[in-house]
Amino acid sequence: MTANLLDFDLEGLAAFCQRLGEKRYRAVQLFRWIHQKGAANFDDMSDLAKSLREKLKLVAQIKAPTVLSQHISSDGTIKWLFDVGAGDAVEAVFIPEEDRGTLCVSSQAGCAMGCRFCSTGHQGFSRNLKTGEIIGQLWFAERFLRQHLQRDERVISNVVMMGMGEPLQNYAELIPALRIMLDDHGYGLSRRRVTVSTSGIVPKMDLLAEQCPVALAVSLHAPNDALRDNLVPLNKKYPLAELLAACDRYLAHAPRDFITFEYCMLDGVNDQPEHARQLVELVRQHSSRTGWCKFNLIPFNPFPQSGLTRSPPEQILRFAKILSDAGIVTTIRKTRGDDIDAACGQLAGDVMDRTRVGERIARQRTVMLKPVATFNQSVKET
Ligand code: SAH
Ligand code: SF4
């Protein structure tokens, strides 16, 4: 069977090369060609012996998921929809800012966590992505952006695992992908610039701390167990006290000295002053060290089946003020790429209606789509 070299971190590639009778430094060369130069063809790898290139052609390939569609927003945000087979599609979003370029990456097709305010959750779980499908989003995006923006140097400086899926539910495939992002021979991103976002799978947070500590964002969304049980069903398994204790343990290994809490602002549900005061209390009770967490308030992106609405701006501001008056660093997430539906929880919204009932229809629609953009095609703004 042909191996997809995007599935391997450097150690995995070294083992693969060893099986071909090649030394480790060959694996390093190959790894650099793939991830630093974005090579897709072995013939382009001019400093590899011809005999090795021929051997590789027989047993290996470099294969990112195929792009089904690409949308470029007026604010520069780019959203790609990738075909991952069997009618499943996942998305990645590039968000350019003055001092950084962030890629939001998916880890699963669908999600099993069933959070009430999340359209991926409503869609249900299809399958875990392979390492090559996770890193393939970055490989493709970096390669595309360099050509599109005519830049030789790296364009993507930050990666957030905040696309579709619960990354820690796909731990085994996630870790090699993170290692490729961090590897100096790969994308060379610092641990502070790679963020895993989780709804709170406590044992996996501990494993991540031990095996690959990167920046951590925790999707909190509620100040007490009763409300969180309702919004994030996983809370019944790992309630707030356990989750916060796991955050504490994580901080001992984390590349940053704070955890980011994400908090989706739902009108009349979790956005009242009382909720903000409860949060302040929760944070204080948990640790007297100020600055151990930051809040990122995300205005809810509505979708039809949720039955929920976005908090009005003045409510969000009032909520943010209570937190910041208590000394908690709080930001309100700007929605980006609104004109192309690239905001949180809207991913793949144009292809899938994200309910189990709608899934089959969505599948049919997905397979009917043709790839509209490949790396070498120029892309029109939409
Ligand atoms: N499964 C992980 C990461 C993917 S979701 C997690 O839950 O953390 C990334 C972020 O988007 C999470 O904080 C999630 O709560 C938020 N989100 C999901 N649906 C949303 C919506 N409709 N509006 C705003 N934010 C949403
Ligand atoms: Fe899954 Fe995250 Fe959506 Fe919850 S918010 S359903 S964990 S993707």
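In each ligand, atom 1 is the first atom listed, and ligand 1 is the first ligand listed. Please read all numbers here as calculations on a predicted model, not as lab measurements.
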Query raised in the report: Any idea which protein heavy atom is nearest atom 3 (Fe) of ligand 2, and the distance to it?
Result: C118 SG, 2.3 Å
Query raised in the report: So is C264 close enough to ligand 1, meaning a heavy atom under 4.0 angstrom away?
Result: yes
Report summary line: Under 4.0 Å from one or more heavy atoms of E262, ligand 1 contributes atoms 10 (C), 12 (C), 13 (O)
Query raised in the report: Between F144 and W80, what is the ring plane arrangement, given parallel below 30°, perpendicular above 60°, and tilted in between?
Result: perpendicular
Query raised in the report: Just checking, any donor-acceptor pair under 3.5 angstrom between side chains of N4 and Q61?
Result: no
Query raised in the report: At a 4.0 Å cut-off, with the gap strictly under it, does some heavy atom of S219 reach an atom of ligand 2?
Result: no
**Report entry** Distance-only side-chain donor-acceptor flag, N158 / T102, under 3.5 Å
**Finding:** no
**Report entry** Atoms in ligand 1 flagged as close to T198, the criterion being non-hydrogen separation under 4.0 Å
**Finding:** 6 (C), 8 (O)
Query raised in the report: Which of the atoms of ligand 2 are close to G121, meaning less than 4.0 Å from one of its heavy atoms?
Result: 6 (S)
Report summary line: Ranking S119, G121, P299, S219 by closest non-hydrogen atom to atom 6 (C) of ligand 1, top hit is S219
Report task. Give yes or no for whether the N/O distance cutoff of 3.5 Å, strictly under, is met between F117 and ligand 1. Result -> yes
Query raised in the report: F42 ring centre to K57 NZ or CZ under 6.0 Å, with the angle to the axis within 45°?
Result: no
Query raised in the report: Is there a donor-acceptor contact under 3.5 Å linking the side chains of Q278 and N224?
Result: yes
Requested in this report: Answer with yes or no whether the side chains of W292 and D248 bring together a donor and an acceptor at under 3.5 Å.
Outcome: no
Query raised in the report: If you measure from each heavy atom of G163 to ligand 1, is any distance below 4.0 Å?
Result: yes
Query raised in the report: Which residue and non-hydrogen atom of the protein lie closest to atom 4 (Fe) of ligand 2, and at what distance in Å?
Result: C115 SG, 2.3 Å
Query raised in the report: Are S126 and D88 linked by a side-chain donor-acceptor pair shorter than 3.5 Å?
Result: yes
Query raised in the report: Do other residues, nucleotides or ligands put more than 12 heavy atoms under 6.0 Å from the CD atom of E242?
Result: yes
Query - Any M164 heavy atom less than 4.0 Å from ligand 1 - result: no
Query raised in the report: Going by distance only, is there an N or O of G165 that falls short of 3.5 Å from an N or O of ligand 1?
Result: yes
Requested in this report: May I ask you to list the atoms of ligand 1 that are less than 4.0 angstrom from any heavy atom of C118?
Outcome: 18 (C), 19 (N)
Query raised in the report: Looking only at N/O atoms, are H221 and ligand 1 under 3.5 Å apart anywhere?
Result: yes
Report task. Could you check atom 2 (Fe) of ligand 2 against the protein and tell me its nearest heavy-atom contact, residue, atom and distance included? Result -> G165 O, 4.4 Å
Query raised in the report: Hey, which atoms in ligand 2 end up nearer than 4.0 Å to a heavy atom of S199?
Result: 7 (S)
Query raised in the report: So do the side chains of F82 and Q137 get within less than 4.5 Å of each other, counting heavy atoms only?
Result: yes
Requested in this report: Verify the distance criterion only: is there a donor paired with an acceptor across the side chains of E173 and N128 at less than 3.5 Å?
Outcome: no
Query - Geometric class of the H221/Y263 ring pair [parallel <30°, tilted 30-60°, perpendicular >60°] - result: tilted
Query raised in the report: Of all the atoms in ligand 1, which lie at a distance below 4.0 Å from a heavy atom belonging to M161?
Result: 3 (C)
Query raised in the report: Is there a donor-acceptor contact under 3.5 Å linking the side chains of E166 and T198?
Result: yes
**Report entry** For atom 1 (Fe) of ligand 2, the protein heavy atom that lies nearest, with its residue and separation
**Finding:** C111 SG, 2.3 Å
Query - For I298, atoms of ligand 1 separated by under 4.0 Å from a heavy atom - result: 13 (O), 24 (C), 25 (N)
